[in-house]
2 protein chains.
Amino acid sequence: MTQKGITLKDVAAAAKVSRATAARALNSYGYVGDETALRVIEAAERLGYRANLVAQALRSGQLPIVGFVPGDIQNPFFARIAHDIEAELRKHRHNLLIASSEENVEQEKDLLESLRSLSIRGFILAPTSATDSEHILQLAREGAPIVLIDRVVQDLQCDSVVVDNEGGAREAVDYLVSNGHDRIGLLRDDSRIFTAQERLAGYQNSLLSHGIALDESLISVSHSTVEHAVDATIRLFSRRNRPTALFTVDSLMTQGALLGLRSMGLSIPHDVSLVGFDDFNLATFTDPQITVVAQPISEIGPLAAKFLLERLAGKKIAPRHVRFPTRLIVRGSVAQIHGR
Amino acid sequence: MTQKGITLKDVAAAAKVSRATAARALNSYGYVGDETALRVIEAAERLGYRANLVAQALRSGQLPIVGFVPGDIQNPFFARIAHDIEAELRKHRHNLLIASSEENVEQEKDLLESLRSLSIRGFILAPTSATDSEHILQLAREGAPIVLIDRVVQDLQCDSVVVDNEGGAREAVDYLVSNGHDRIGLLRDDSRIFTAQERLAGYQNSLLSHGIALDESLISVSHSTVEHAVDATIRLFSRRNRPTALFTVDSLMTQGALLGLRSMGLSIPHDVSLVGFDDFNLATFTDPQITVVAQPISEIGPLAAKFLLERLAGKKIAPRHVRFPTRLIVRGSVAQIHGR
DNA sequence: TCGTCATGTGAGATCGATCTCACATCCGAA
DNA sequence: TTCGGATGTGAGATCGATCTCACATGACGA
């Protein structure tokens with residue numbers, strides 16, 4: 001199939017030197033006569049020589065490839081991060097291999113297993129589970145450089161880049177409370193995803209600090225897909241004495257809530273106030289626009305890539321844990337409640 | 001860094017056989033004694049042996065990796081396709097390396113150049129340019145299996161999976177005409193992207209077939225980003241005698257149009273009717289929902305992957321060109337024009 | 001009893017780049 | 001004049017898996 005392939009041997013022959021000398025000339029190390037070097041470089045150019053990265057990798061034990069395992073590449077959040085990581089890696093002549101775990105721990109295990117035998121240089125992971133992580137610990141034990149994003153793993157000492165989920169959620173709920181709401185629904189994720197738990201904690205802490213009793217019946221658990229969120233929303237708002245406001249833990253759920261509320265004929269913010277975690281392009285297209293807790297997405301990918309590249313370059317320092325603050329973007333989906 | 005690494009040699013030693021025999025036992029070829037085979041397999045299992053794919057690749061000349069070069073991984077259209085391709089490849093133990101061209105021919109050239117030296121097995125491309133494609137032809141000449149998606153390249157004989165851009169655009173404009181519109185604006189792309197040209201042709205052909213004269217002043221050229229589309233929309237609708245309807249050639253432009261029209265205080269469909277090419281999740285969240293020409297996105301990725309895998313398996317048949325039909329999804333963004 | 005063939009196994013070559021040696025020069029210093 | 005160092009270069013080993021070839025057995029028909 002793939003024929004051709006000018007090897008170093010061809011170049012060496014063309015320049016009438018040994019392979020060793022050709023390698024020295026092309027990679028400029030060791031002693032090489034000026035004239036010889038020129039001859040080699042000229043020959044390489046003429047033949048269109050390109051080093052075989054696989055052969056290099058066999059010797060060095062590493063391909064210039066970094067593996068990225070996001071929860072779901074279709075999620076715009078991860079797509080953006082993937083793009084940023086790739087752009088950053090490319091500057092350092094590395095490629096990005098993307099393998100989506102689809103938020104499935106078993107698949108995540110399989111993927112890492114298969115990426116391991118590829119002699120990949122390092123990993124950027126958004127672990128699906130905060131607890132079932134033996135496979136990741138194992139990977140780390142073998143010495144593979146790892147950077148975690150969006151979520152962390154217990155007992156794993158490595159660089160991580162996450163956002164302040166608890167604080168962001170708290171700020172969102174604080175905002176609803178300050179607008180007079182005290183029956184605030186929560187649409188959350190049933191998975192053991194790290195972020196979902198932190199956001200739940202933020203919700204609870206906010207209510208606690210305002211002396212509002214936690215009401216389990218206001219918390220609806222769902223999968224993180226638009227369809228499930230629609231159902232969960234409808235269930236939540238079909239009860240008597242329904243909430244006056246809703247906080248959703250991610251953008252897919254926010255979209256589901258939007259559709260669910262619309263199908264029930266409930267208008268935002270007149271009937272229900274809404275705040276979502278994670279900004280999304282749709283949020284400014286609705287009427288009213290949706291108030292959200294925004295994450296600094298554009299900073300996550302580049303920083304994660306930077307951390308990993310530093311590790312690949314051999315930097316030996318204690319793991320760095322960066323937690324970006326979130327930002328409440330007030331738009332029009334929250335109304336003030338008057339009296340009661 | 002990466003230590004460990006149980007090699008075939010270790011397994012062979014543990015099983016007290018030569019490397020050759022160990023290889024035979026593990027890959028089941030040639031003659032191996034039953035008992036010996038068992039001993040090798042047991043040893044491999046016990047040591048946790050994993051074949052080094054890089055070493056295999058050096059011999060075979062090919063890594064189990066397929067390169068995907070989309071226009072932009074952040075575009076949900078490509079993100080979905082990437083996901084589908086990856087899922088399909090994974091069934092055949094292949095990995096997907098994604099390198100976004102960002103709709104830039106030069107970057108596309110660089111990427112292909114760098115992927116080439118990786119001994120990648122095949123490529124799935126969405127070429128940025130329909131004409132500047134010498135680098136792709138070169139790749140094909142070297143024998144690399146290629147499947148084109150979304151866009152084709154002149155003079156390149158290889159499998160392709162695209163949609164009926166001309167027909168879809170024609171149907172959209174036909175629909176506007178059938179609702180009484182005859183001043184129909186077009187928001188198009190200035191790039192030489194294949195799809196943009198075909199969609200333009202569909203627009204022109206529809207008008208032609210209805211005896212409506214082409215009015216260049218109704219065509220606004222812009223880049224394919226939301227921001228540029230906003231500007232272009234505002235320019236288009238700032239003229240006197242503005243169009244009564246607008247057709248946009250991709251989802252980013254449709255979003256831009258939405259924002260642009262809103263900022264001008266023009267309501268849909270009362271003041272302006274709108275049809276966009278490419279469905280997008282936002283389209284059902286707006287009020288009214290947007291009428292679009294939908295592409296069968298879920299079929300493109302799997303089919304492209306299937307084609308490529310067949311080529312990798314050595315299938316030698318004439319290139320296949322699949323062109324999926326589009327589907328007009330009527331929602332609420334088009335109003336009937338009465339009289340004139 | 002002697003080939004012939006089926007069956008098993010190992011030594012060594014191979015893929016391409018790189019690195020370690022060993023071996024040449026040639027210089028200036030002792 | 002001789003020795004040590006700086007400078008250049010090539011032969012061969014190495015990375016890990018696989019494949020070819022040669023060499024063993026043992027069985028079986030002639």
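Just so it is clear, the model here is predicted, and its values are computed rather than measured. Just so we're on the same page: letters track the sequence lines, and every chain starts at 1.
A distance-only check finds no donor-acceptor pair linking the side chain of A:Ser114 to the backbone of A:Leu112 [under 3.5 Å]. Formation of a donor-acceptor pair under 3.5 Å by the B:Asp72 side chain with backbone atoms of B:Gln74 is found in this model. Side-chain atoms of A:Arg121 do not come within 3.5 Å of backbone N or O of A:Leu63 as any donor-acceptor pair. The main-chain N or O of A:Arg320 is found under 3.5 Å from a side-chain atom of A:Asp159 such that the two form a donor-acceptor pair. Side chain of B:Gln107 to backbone of B:Ser100: a donor-acceptor contact under 3.5 angstrom is found. Not a single donor-acceptor pair under 3.5 Å links the side chain of B:Asp84 to the backbone N or O of B:Ile81.
The environment of A:Glu134 atom CD is dense: over 12 non-hydrogen atoms of other residues, nucleotides or ligands sit within 6.0 angstrom.
As a whole-Å value, the separation of B:Leu63 CG from C:dC15 C1' is 13 Å. In this structure, the CZ atom of A:Arg39 is 12 Å from the C1' atom of D:dG8, given to the nearest Å. Straight-line distance from the CG atom of A:Leu8 to the C1' atom of C:dC15: 13 Å, rounded to whole Å. As rounded to whole Å, 10 Å separates atom P of C:dA17 from atom NZ of A:Lys9. Remark: C1' of C:dA17 and CG of B:Leu118 are 15 Å apart, rounded to the nearest angstrom. Going from atom CG of A:Leu58 over to atom P of C:dT18 covers 12 Å, rounded to whole Å. What separates OH of A:Tyr29 from P of C:dT18 is a distance of 7 Å, to the nearest Å.
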### Query
Which letter, B, S or -, goes with each nucleotide of nucleotides 6-13 of chain C from 5' to 3', with contact meaning a protein heavy atom under 4.0 Å?
-BBBBBBB

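Shown for residues 45-54 of chain A: no residue has heavy atoms falling under 4.0 angstrom of DNA chain D.
Distances shorter than 4.0 Å separate some side-chain N or O of A:Asn27 from OP1 or OP2 on C:dT18. Regarding contacts with the backbone of D:dG16, every side-chain N or O of B:Gln56 stays at 4.0 angstrom or more from both OP1 and OP2.
In this model, no donor atom of one side chain and acceptor atom of the other lie less than 3.5 Å apart for B:Glu113 and B:His135.
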### Task
I would like to know whether A:Lys109 and A:Glu106 meet salt bridge (charged side-chain N to carboxylate O under 4.0 Å, His left out); could you show each step before the answer?
CA-CA 5 Å; A:Lys109 288 177 187 171; A:Glu106 291 311 317; 3.5 Å; yes

